[in-house]
There are 2 protein chains.
Amino acid sequence: MADVALEAGVSGQTVSRVSNGRSNVDESTRERVLEAMNRLGYRPNSAARALRLGRFRSIGVIMFTLSSFGNMRTLDAIASAAAAAGYSITLIPIAHPTRGAVSGAFDRLNQQAVDGVVIVIEAHLFDEAHLDLPDGLPVVVIDSSARTRYPVVDTDQAEGARLATEHLLELGHQTVWHIAGPAESYSAIRRRDSWEATLRQHGAVVPPVLAGDWSTDAGYRHGLVLAADPTVTAIFAANDQMALGALRALHEAGRAVPAEISVVGFDDMEESASFWPPLTTVRQYFDKVGARSVAALLEGIEGDGPVANVTVPTRLIVRASSGPAPAG
Amino acid sequence: MADVALEAGVSGQTVSRVSNGRSNVDESTRERVLEAMNRLGYRPNSAARALRLGRFRSIGVIMFTLSSFGNMRTLDAIASAAAAAGYSITLIPIAHPTRGAVSGAFDRLNQQAVDGVVIVIEAHLFDEAHLDLPDGLPVVVIDSSARTRYPVVDTDQAEGARLATEHLLELGHQTVWHIAGPAESYSAIRRRDSWEATLRQHGAVVPPVLAGDWSTDAGYRHGLVLAADPTVTAIFAANDQMALGALRALHEAGRAVPAEISVVGFDDMEESASFWPPLTTVRQYFDKVGARSVAALLEGIEGDGPVANVTVPTRLIVRASSGPAPAG
DNA sequence: TACAGCCATGTTGACGTAAACATGAAGCAA
DNA sequence: TTGCTTCATGTTTACGTCAACATGGCTGTA
């Protein structure tokens, strides 16, 4: 900065004013300074600026696997929203979801230069009592328990599961089998609970829950079992990947979809419309979740009032994998 | 820091030494300082540290869509490798891949607090002449032209396409049709070129290239056309999503896979093994690409010598979607 | 002319840290 | 004992920026 000031024949303060777009600088001076900046390739030092201002203009995002469809879309939306607000994203991945790793990540976070944090951890794995985020650091949680002391932004899991289950019941199926997500996942639990509640509400028998782990393999394994059971006519998988695995199992077993068995997923991945048959599923608006969480966080950072929770609705996308229950 | 120093009855410098784990501090003093830190909830200020050291311990990642399978896996690997080296990741997304947006991202980058940058932009969209990264800022490019002045880490696209094409030729197919990626993508071009070269090398006819855009829709559209052509017996799609779209088109047209037509993809997404039929494909090791690019970048940041390019091999994963050419 | 008010610009200092140098005590060999 | 080394710790300073205050020229009015 001093070099620029020298080059332009002004003081450092004037350079600072120009670089921050302040109005009280003479036009000719401003141009001289800008030219000097270009000539010298001046870049404001963000560390010094952050030190001075006490703000980093950066948002931390804590995530487990990036490799899940939903997390990725959410991250994308968070990044876009943050960029639009002039914030950058600092990614804090947690490779192995052990409690120790989570604590470690939070410790590292304390050292990070962030003004706020979005936590995208769906599991019970972090015990809030044990993680001490710096006081006053705004936090927003995505896809977790509502029992946290931080604001929560989340998809309406219960509504989505209800839509899927009712869709199948309305097609005339006696009941709906459920391939669930892992027991540690809040969203998996909420989908399962809502599936069960919807069945009861409609007076349908509640079959045993099939525990999965979001993977195609889990869907495949349970799909093989279900395919062998002639009484099964409708399956609701807790995500599209498990639905895909189930579809494969049904194909291998020679069961027709949807003529003999209907399958419904959850997520609406880009590929789901091209599965064979194209998958009926519950669409989640991850982009909206991401955008809303950033908005909430920014309110926490720049605003003053308390931040409200946000629930994002879902939508049932009906495709060829679900159809009327077979006669008889 | 001053408070901690006062509380522990030492100088700020000693606090600094403790906080950096230096060895030349008496054990009793160290404990006293650590205790004071805990009592006061002291967190080192990363901005001040960065200002003093001129290092941020952060790596910038510039990406187009996060929502592509490969990018996501790569980002995951980059994040893990960076975390292992004590670096954090600053994500710089480019929402709309126009040239202006790219330049904007680079401008923003200049303001960012990063020690190096990984560029994951596969298209020609950025003209190096026009983007002025700060001199001396280490850069590694993933999945781009080898004509950049920066080190490149990339999957061996040509080898992968050759493996796929030869696999089909060896199964007795007269030739192989290709659903290509977008013309702006370097990796798409390399796969196409290698496909073509392999066909020629084996004396096979080279059918017209079918231009796609990575999407399942593109695969579906071209798949419908190919399904209607009785001479087509083998399809090599430039990625798994287009292969999935093609599979759907073939199903709809009632063409048997692989009895009548074989299909091979590229990427090996997690879902590909569960497609119907399970997809033969070329596996890319995105995690390796990510890890290597971070290693290369760190060498550029912390090392001194020139950084070499890295090529990561691929592997053909044979599944049920490819089989011998139909007789006659 | 005199004085107030405004505006562009300059000067000073502080943000929190760590490198460089300084100090002083303890240990050890001649 | 003397002189030299080693090691823990303290002091000073600079990193680059920007807020706060200071300065000085210009304009307009009484």
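As a basis for the values below, the full set of heavy atoms in this structure was taken, side chains included, without hydrogen atoms, waters or symmetry mates. Residue numbers start from 1 in every chain, and the chains themselves are labelled A, B, ... in the order their sequence lines are given, proteins ahead of strands.
Here Asn20(B) reaches the OP1 or OP2 of dA18(C): one of its side-chain N or O atoms lies under 4.0 Å away. Regarding contacts with the backbone of dT9(C), every side-chain N or O of Arg22(A) stays at 4.0 angstrom or more from both OP1 and OP2. In terms of phosphate contacts, Thr14(A) brings a side-chain nitrogen or oxygen within less than 4.0 Å of OP1 or OP2 of dG10(C). Residue Arg52(B) places none of its side-chain N or O atoms closer than 4.0 Å to OP1 or OP2 of dA19(C).
When only modelled atom types and interatomic distance are considered, Gln284(B) and Thr155(B) share a side-chain donor-acceptor pair under 3.5 Å. A side-chain donor from one of Arg49(A) and Ser19(A) sits under 3.5 Å from a side-chain acceptor of the other.
As rounded to whole Å, 18 Å separates atom P of dC15(C) from atom CG of Asn45(A). Taking atom CZ on Arg17(A) and atom P on dG10(C), their separation rounds to 8 Å, with Å as the unit. Whole-Å rounding puts the Arg55(A) CZ to dG16(D) P distance at 24 Å. As rounded to whole Å, 14 Å separates atom C1' of dG16(D) from atom CG of Leu53(B). When rounded to the nearest whole Å, the span between CD of Gln13(B) and C1' of dT11(D) equals 9 Å. dA14(C) atom C1' lies 17 Å from atom CZ of Arg49(A), rounded to whole Å. We find that CG of Asn24(A) is positioned 13 Å from C1' of dC18(D), with the value rounded to whole Å. Following rounding to the nearest Å, Leu51(B) (CG) and dC15(D) (P) show an atom-to-atom distance of 9 Å.
Of the two residues near DNA chain D, Thr29(B) and Gly12(A), the one whose nearest nucleotide lies more 5' is Thr29(B).
Using a 4.0 Å heavy-atom criterion, one finds that Asp26(A) contacts the sugar-phosphate atoms exclusively. Residue Val25(A) is in sugar-phosphate contact alone, with no base atom involved, counting any heavy-atom pair closer than 4.0 Å across all strands shown. In this structure, Ser16(B) reaches the bases: a heavy-atom distance under 4.0 Å links it to at least one base atom across the strands shown. Residue contacts shown for Arg30(B) are absent, as no nucleic acid heavy atom lies under 4.0 Å away.
Ile142(A) places a side-chain heavy atom less than 4.5 Å from the side chain of Thr74(A).
For Arg43(B) against dG16(C), no side-chain N or O and base N or O form a donor-acceptor pair under 3.5 Å.
Between Tyr87(A) and Phe56(A), the ring centre distance reaches or exceeds 6.0 Å.
Listed by chain and residue number, Val10(A), Val33(A), Ala36(A) satisfy the side chain to side chain contact (heavy atoms under 4.5 Å, CB included) test with Ala8(A) (two or more places apart in sequence, or in another chain).
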